[in-house]
Structures are given as C-alpha cells and as structure tokens.
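Side chains are part of it too, since the values below use all heavy atoms of this structure and drop only hydrogens, waters and symmetry mates.
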Amino acid sequence: MMKDNIREILQKALEIGRAEIPKGKVATYIPELGKARADALGLCLSLSDGTVYKVGDTNLRFTIQSISKVISLCKALEVRGTEEVFSVVGMEPSGETFNSIVELDVRSNKPYNPMINSGAITVESTIVDYVSFEELLDYSQKLCNDPGIALNREVYYSELTSCDRNRAIAHLLRSKGIITTNIDTSIELYTKMCSLNVTAEGLANLALVLANHGVNPLTGERLMSPETARIVMSIMLTCGMYDGSGRFAVNVGIPTKSGVGGGLVAAVNREMGIGVYGPALDENGNCIAGCSILEYLSQQLGLHILN
Ligand code: GLU
C-alpha cells in the first residue's frame, strides 16, 4: 500500500542521496565511463498496477554494466537449467572485489557466485552457443519494457580494449575446465551485455518483473519461471552489492544489484521495482547516493524483506 505522501518521500530521498554525491567517485577504469556527469541522479518506482513514480534523471541513458549479470543469469537458468548452471558457478559471497582473480586460483575452482566477474563470464560461457547477443538484447528490452535499449559502442570498445583482467579470469577458468567454450566469444558477449544503454525507469521495470516472480504485470507476459526469479533475487540479496552486500542486507533488506555505470536495480518482493541512476560510486563500487536513497525508502515505506 503506497503512502499518500509518497511524492514528498521520494523528493526527500533524492535530497538525501544528492548530499552523498561529493563523497563518491565516477568509475574511470573503463575510460568511457569516466565521462559520466557525477551529479546525475534519478529514482524510479514501478508498481504492479502500472503506477510509475519518477524523480530526477530517470530517462538519462547509461550503461547497465554488472546489472546485466542479473539478465544473463535469468536467461542461463531458463535455457540451461539450474543444475547445469550451478555445476560451474557457486552461490556464495566471495569476500573479494568484483574482479578478483586470487580466490579462484587458491581457494576454489568454481567462481563463488554469478554476480562477480568470474561468475558472470562463466554464466555467459554456458549460453554463448545457445543464445545470440540479439536474443539477449531483445530479452533485456522486454524485461526493462524499453525498446530503446541498444549497445553503447563507445563503452563496448572502450572496455573490450582494456579488459585484460577479465580475459585473465577467463583463461584461468578455462585452464581449470570451468569454461569449455571459446573464451573470446564469452568475453565479447559479457562485455556487450555490460554495454547496454538503460535508464533508471527501465531498471525499475526489470526489478518489477523479478518482484512479480517472472511475469511483467504491465503486459501479462511471463519472462522467466518463478523458480528463476526466486534464485536470482536470493543471489542479489546475498551477493548483489559487492563487498557491501552484508551491510546492505541489514540496513536495506531489498534484493539489489549494482553496476559500476551507476545503476541500481532493487526488487521489492510482490510489491514494486526500484531503479536508481547515480554514477558517483562508494568504495565498494556501488552508487553512493542510491545506497542512502534505498536505506531511506526501506525505512519510510517498510520495504525490508524481514519486516
Ligand atoms: N563491465 C564491468 C567489468 O567487467 C562491470 C563491472 C561492474 O559493474 O561491476 O569490469
């Protein structure tokens, strides 16, 4: 049930988020990302009855980055099945940064989870021979209810020519027999998926489909099984916010995934989808304004999963 003063709450949330921006930094390790406007900020709530609340820069396009890991995981679970996917990737938080390679070599053969780079590249390798990029793009457009999503070529080439670390991860995974398909095609698919241009509004719609257990309530179309939605939301809750996932689960309690482009996608079970855009990131690589915004909304609207 939405509160009467929802618009006031959203404005206040935006102010709280804006105050955090000076403490954050735009990602520059992918050179093109460094061009983002650090002070951009948008928040969108999408409800099952079709109501949409928007404040700030909700229609500004930015690259989805790691949030594409959610989409690829949904597709992989649908196409390859749960058993096949989790035979090559785990479901546990890694305790390391998103692009870490060290734990793979010394602690575990399987990537810890599908929300870190090693796990996501592995997930792409499970579908690369079954699903084309065009099909994944179409799936992303449907999930986000946004036919305008397209590949951002500048960001794609910027990352493809600077992703030595991801290539190193992929080579290590192949040496361990976890990746058995062509490395270059898996890296290309992963990097293309990270380079899709989305909006905060589109992310709110993606979250709404997950929160609604796989059906887009606006069109009635089922886009994944309820089991896939449950698995993906569970992994977002435990591993979606990099090294800040534990604290975020305590303080906010909403399955959420972030991307270094500044996006956040947050699925409030059975209730709504939330999308945030703000490219200034905290030390864990999460949208700094978005974390405070979601904490405030969780308190004000009673959205914590254990409420
Ligand atoms: N494309 C980015 C990378 O592989 C995604 C990272 C992220 O958003 O966490 O480094």
If only side-chain N and O atoms count, and only distance matters, is there a donor-acceptor pair under 3.5 Å linking [Y] with [X]?
X	Y	answer
Glu135	Ser132	yes
Asn117	Tyr190	yes
Thr191	Glu159	no
His213	Asn269	yes
Ser46	Asn205	yes
Ser225	Glu227	no

I'd like to know whether Glu295 forms a side chain to side chain contact (heavy atoms under 4.5 Å, CB included) with Ile16, so could you lay out the CA-CA distance, the side-chain angles of the two residues, the decisive distance to 0.1 Å, and finally the verdict.
CA-CA 10 Å; Glu295 188 170 339; Ile16 290 174; over 6 Å; no

Look at [X] together with [Y] and state whether they make a salt bridge at an N to O cut-off of under 4.0 Å.
X	Y	value
Asp146	Arg61	yes
Arg18	Glu15	no
Lys25	Asp282	no

Please report the shortest heavy-atom distance between Glu271 and Ser48, naming the atom on each side.
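Smallest interatomic distance, heavy atoms only, reads O-OG, 3.7 Å.
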
Is there a path of hydrophobic side-chain contacts, each under 4.5 Å between heavy atoms, that joins Ile235 and Tyr112?
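Looking at the clustering, Tyr112 is in a separate group from Ile235.
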
Using the rule given for side-chain hydrogen bond (donor to acceptor under 3.5 Å, both in side chains), can you reason through Glu201 versus Thr58, listing the C-alpha separation, both sets of side-chain angles and the distance that settles it, and then say yes or no?
CA-CA 6 Å; Glu201 185 170 0; Thr58 48; 5.2 Å; no

Residues that Phe62 engages under ring-ring contact (aromatic ring centres under 6.0 Å, His included), provided they are two or more places apart:
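Counting only residues at least two positions away or on another chain, Phe62 forms a ring-ring contact (aromatic ring centres under 6.0 Å, His included) with Tyr277.
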
Distance from Cys74 atom SG to Met224 atom CE, nearest 0.5 Å?
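Answer rounded to 0.5 Å: 3.5 Å.
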
Quick one: pull up NZ in Lys69 and SG in Cys239 and give me the separation to the nearest 0.5 Å.
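If I round to the nearest 0.5 Å, the distance is 11.5 Å.
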
The criterion is side-chain contact (heavy atoms from CB on, under 4.5 Å); which residues satisfy it with Thr180, sequence neighbours excluded?
none

side-chain contact (heavy atoms from CB on, under 4.5 Å) filter on Pro22, not counting sequence neighbours, yields none

